[in-house]
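First comes the structure, then the notes that go with it.
Predicted model only: the values in this text are computed from it and were never measured.
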Amino acid sequence: MSTKVIKSDVFKFLNDLCKERIVFMDGAMGTMIQKYRFEEDDYRGNKFKKHNIDLKGNNDVLNITNIEAIKDIHKSYILSGADIIETNTFNGTSIAQLDYGLEEYVNDINKFGVIAVKEAISETTDLVEGKRILISGALGPTNRTASISPDVEDPGARNTSFDELCEAYYIQAKLLYESGVDILIPETTFDTLNLKAAVFAIDTLFKETLVEIPVFLSVTFSDKSGRTLSGQTIEAFWESIRHSKPYAVGMNCGLGAASLFEYMKVLSESADTKVFCYPNAGLPNPLSDTGYDETPEMTAGDIESLAENNLINFVGGCCGTTPDHIKAIVKKVGTYKPRKIPKTSQFSSYSGLELLRKDNINNFLVVGERTNVTGSPKFSRLIKDDDFESALEVAKQQVENGAHIIDINFDEGLIESEECMVKFLNLIASEPDISRVPIMIDSSKWSVIEAGLKCIQGRGIVNSISLKEGEDLFIEHAEKVLSYGGSVVVMAFDEDGQATETEDKVRICKRAYDILVNRVGFKPRDIIFDSNILTIGRIIIVPFFVLAFYLPGFYGDLTACVLFVIASFTDFLDGMLARMMSEESKLGELLDPIADKIIVATALILL
């Protein structure tokens, strides 16, 4: 087992500060840089004078070529009352710098970005009476998306991958961490799968360093549709990343505070952690000095409503905000009490583009299993014929017919399971009518499960893991599922095989539960047990067996015998239908969508 990761002293400092008051973040970096009216030569400096690509607009390179200007901007925000200063490293990944041909300089961009804040803090210490200022290392979303195709003609195409994003984020996070930031903040998320790659990378970093610093996660809505660019609602977004246990979660950019109010209210009610908001100064306005509509007083007034309604623990500004905006916000909301973290639902919940919660009202969830090559001859034939477009219709049909979750399985010897899983999930992501529901990734091969987990932005379900190959592998796989943000189905198997008796089923499930909850860190609501349930025919008959028990003497015995015969026949029918459906035939395809109905109807008719 790995050594336990400890928390840095910043956690205690922030906890104490958040008990006292709302904590203030800084404002926009880009807005302030625009005031300098830098030209191409200012961005290039001496270091990149002969660089073959234009650098104007690459604000991060100013950490190298014009660090004094960046430092002065940080100082102005410290003096305006900010407690947390973000580094100028929004585009500090190798992916983002690729467009400028500066991917080899991400080391300098991030290190000098932290140095600029440190020097700004040092030079203003006396002016703020020694107040401790925290450094937040900014990690932007990159200019690529793992959930959306860049080609309208090919919805399954991607211009990046989970692994590529994870590597880039890991490098940047490590540079910021080693340079001395107090907080890491992946921000302006428009695709939750990108963010999941970031938190996976950060989690890997902490496991290596064994010292964790607070992580803030921020999402953006680019318009008033109430969804991210990749289609998720605010509830689905939180559901997708809650596994990472961020110190704080919030919203930034995209819209002004007034437009974000309802979304912040939902997030505040959903999240069992601290919440922040740093909105734009309203909508873009090219005639304004800042490029945005709102004056400092207007922005502060709208943010006051968030504080009045106890929706925030941290607040700052994004595009269009200036030190004057932050000063006005501090003055306006400085006396308000910070939000108290609510007790949130402990019901099982999952997400696609939308949240799915199993609760006292929605307490019977249907899993559609026709997108499964081992159970559906039609789907299997379509996949073997490389007709993924028609295969998507099978998935869409299931959702339209009431499936809350769709199970996807490609375990077949004649197809490339991993390749098919990735291709199909990428195609599903382009179909909101399908991707609105959570995905169950179903495979007996771990490599296929892991490939699937890297393709879904929501909280999916892994089907399944078990103790069949021992505790060590069980824990290894469970830790990975947790890191990817998945829930898990646990089969009642252990090293001795499948549990058949009640006592063994309970023993194995309890052992798995204890490992998952107490050693791996799963929440109980994210575990589903498959304790090897009876076939559907027997399920129908069980209540009648109970009735037979209460019938007197001969009648009870006769009823039990008849029920036993019916159960045996329905089991036989179940197996026969399964064999027929596994054959690539017209009859198999005909039986595919109605097999369960035939078995239930037969059992009821015989009864």
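- Annotation for Lys332: atom NZ does not count as buried by contact number, only 12 or fewer foreign heavy atoms lying within 6.0 Å.
- Considering CG of Asn194 and CG of Leu165, their distance stands at 5.0 Å, rounded to 0.5 Å.
- Arg339 and Asn313 are linked by a side-chain donor-acceptor pair at a separation below 3.5 angstrom, with hydrogens and angles left out of the test.
- Under the 3.5 Å distance criterion, with hydrogens and angles disregarded, no donor-acceptor pair is assigned to the side chains of Thr220 and Asn252.
- Electrostatic pairing of Lys196 and Asp191 does not count as a salt bridge here, judged by no charged N lying under 4.0 Å from a carboxylate O.
- Geometrically, Arg525 does not engage Phe347 in a cation-pi contact defined by less than 6.0 Å to the ring centre and at most 45° from the axis.
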Notebook entry, point to check: Stepwise, does the side chain to side chain contact (heavy atoms under 4.5 Å, CB included) test hold for Tyr292 with Asn285?
Noted result: CA-CA 5 Å; Tyr292 282 79; Asn285 179 356; 5.7 Å; no
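- Counting heavy atoms from C-beta outward, His404 and Asn362 have side chains that approach closer than 4.5 Å.
- Residues Gln97 and Tyr105 have side chains not in contact (no heavy-atom distance under 4.5 Å, counting atoms from C-beta outward).
- Here CG of Asp99 is found 11.5 Å from CG of Leu55. Values are rounded to the nearest 0.5 Å.
- More than 12 non-hydrogen atoms from other residues, nucleotides or ligands lie less than 6.0 angstrom from NZ of Lys131.
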Check: Would Ile329 and Val315 count as a side chain to side chain contact (heavy atoms under 4.5 Å, CB included) if you check the C-alpha gap in whole Å, the side-chain angles of each, and the deciding distance to 0.1 Å?
Finding: CA-CA 8 Å; Ile329 292 168; Val315 69; 3.9 Å; yes
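- Note: Phe48 and His51 have perpendicular aromatic rings, judged against thresholds of 30 and 60 degrees for the angle between ring planes.
- Ser270 contributes a side-chain N or O that, together with a main-chain N or O of Val266, makes up a donor-acceptor pair within less than 3.5 Å.
- The line from CG of Asn159 to OG of Ser149 is 8.0 Å long, rounded to the nearest 0.5 Å.
- Shown are Asp54, Asn59, Asn66, Asn58; of these, the side-chain hydrogen bond (donor to acceptor under 3.5 Å, both in side chains) with Tyr43 is made only by Asn59.
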Notebook entry, point to check: Should Gln457 and Ser230 be marked as a side chain to side chain donor-acceptor pair (under 3.5 Å) after you check the CA-CA gap, both sets of side-chain angles, and the distance that decides it?
Noted result: CA-CA 9 Å; Gln457 64 173 318; Ser230 58; 2.9 Å; yes
Next item on the list: Please step through side chain to side chain contact (heavy atoms under 4.5 Å, CB included) for the pair Asn426 and Cys455, ending with a clear verdict.
Entry: CA-CA 7 Å; Asn426 283 347; Cys455 294; 4.0 Å; yes
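- Crowding of Glu104 atom CD: a count of heavy atoms from other residues, nucleotides or ligands under 6.0 Å not exceeding 12.
- Counting heavy-atom neighbours within 6.0 Å of Asp16 CG, excluding the residue itself, gives a total above 12.
- Ring to ring, Phe162 and Phe200 are close: their centroids are under 6.0 angstrom apart.
- Side-chain contact between Phe261 and Leu306: present, with at least one pair of heavy atoms (C-beta onward) separated by less than 4.5 Å.
- For Pro338 against Lys19, the heavy-atom pair with the smallest separation is CG-O, 4.3 Å.
- Within the 4.5 Å cutoff, side-chain heavy atoms of Tyr36 are placed close to those of Ile73.
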Next item on the list: Verify salt bridge (Lys or Arg N to Asp or Glu O under 4.0 Å) between Arg37 and Asp42, making sure each step is shown before the conclusion.
Entry: CA-CA 9 Å; Arg37 302 188 183 279; Asp42 299 301; over 6 Å; no
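- For the pair Thr89 and Asn63, the minimum side-chain heavy-atom distance is below 4.5 Å.
- Checked for salt-bridge contact, Glu262 and Lys265 miss the test: no charged N lies under 4.0 Å from a carboxylate O.
- In this structure, the side chain of Asp272 does not engage the main chain of Thr344 through any donor-acceptor pair within 3.5 Å.
- Other residues, nucleotides and ligands place more than 12 heavy atoms under 6.0 Å from the CD atom of Glu164.
- Within the 4.5 Å cutoff, no side-chain heavy atoms of Lys75 are placed close to those of Leu127.
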Margin query: Run the side chain to side chain contact (heavy atoms under 4.5 Å, CB included) test on Ile84 and Asp26 for me, step by step, so that the C-alpha distance in whole Å, both residues' side-chain angles and the decisive distance to 0.1 Å come before the verdict.
Written below: CA-CA 6 Å; Ile84 299 172; Asp26 61 3; over 6 Å; no
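- In this structure, Tyr169 and Gly140 approach most closely via the heavy-atom pair OH-O, 2.9 Å.
- Within the 4.5 Å cutoff, side-chain heavy atoms of Thr290 are placed close to those of Thr322.
- Crowding of Lys331 atom NZ: a count of heavy atoms from other residues, nucleotides or ligands under 6.0 Å not exceeding 12.
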List the atom pairs, donor and acceptor, that lie under 3.5 Å between side-chain atoms in residues 273-284 and the rest of the protein, sequence neighbours left out.
from, atom 1, to, atom 2, distance (Å)
Thr273, OG1, Pro246, O, 2.8
Thr273, OG1, Tyr247, O, 2.7
Lys274, NZ, Asn15, OD1, 3.4
Lys274, NZ, Tyr247, OH, 3.4
Tyr278, OH, Glu86, OE2, 3.4
Tyr278, OH, Glu187, OE1, 2.4
Asn280, OD1, Cys319, N, 3.0

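- Counting heavy atoms from C-beta on, the side chains of Ser349 and Glu235 never come closer than 4.5 Å.
- For Arg44 and Thr65, the side-chain atoms include no donor-acceptor pair closer than 3.5 Å.
- Around atom NZ of Lys71, more than 12 heavy atoms belonging to other residues, nucleotides or ligands sit under 6.0 Å away.
- Under the 4.0 Å criterion applied to side-chain N and carboxylate O atoms, Lys47 and Asp41 are not assigned as salt-bridge partners.
- Closest of all the heavy-atom pairs between Ala201 and Cys166 is CB-O, 3.4 Å.
- Between the side chains of Thr145 and Ser147, no donor-acceptor pair is found at a separation under 3.5 Å.
- A donor-acceptor pair is defined here as one N or O able to donate and one able to accept, closer than 3.5 Å; such a pair exists between the side chain of Thr124 and the backbone of Ala120.
- There is a side-chain donor-acceptor pair under 3.5 Å between Ser225 and Asp223.
- No side-chain donor-acceptor contact under 3.5 Å links Gln172 and Thr93.
- Remark: Lys174 fails to qualify as a cation-pi partner of Tyr177 under the 6.0 Å distance and 45° angle criteria applied to the six-membered ring.
- Of the N and O atoms on the side chains of Tyr484 and Glu479, not one donor lies less than 3.5 Å from an acceptor on the other residue.
- In terms of heavy atoms, Phe38 sits closest to Lys56 at O-CE, 3.6 Å.
- Side-chain contact check for Glu354 and Thr233: no donor-acceptor pair (N or O, by modelled atom type) lies under 3.5 Å.
- Scanning all heavy atoms of the two residues, the minimum distance from Gly92 to Asn110 falls at O-ND2, 2.9 Å.
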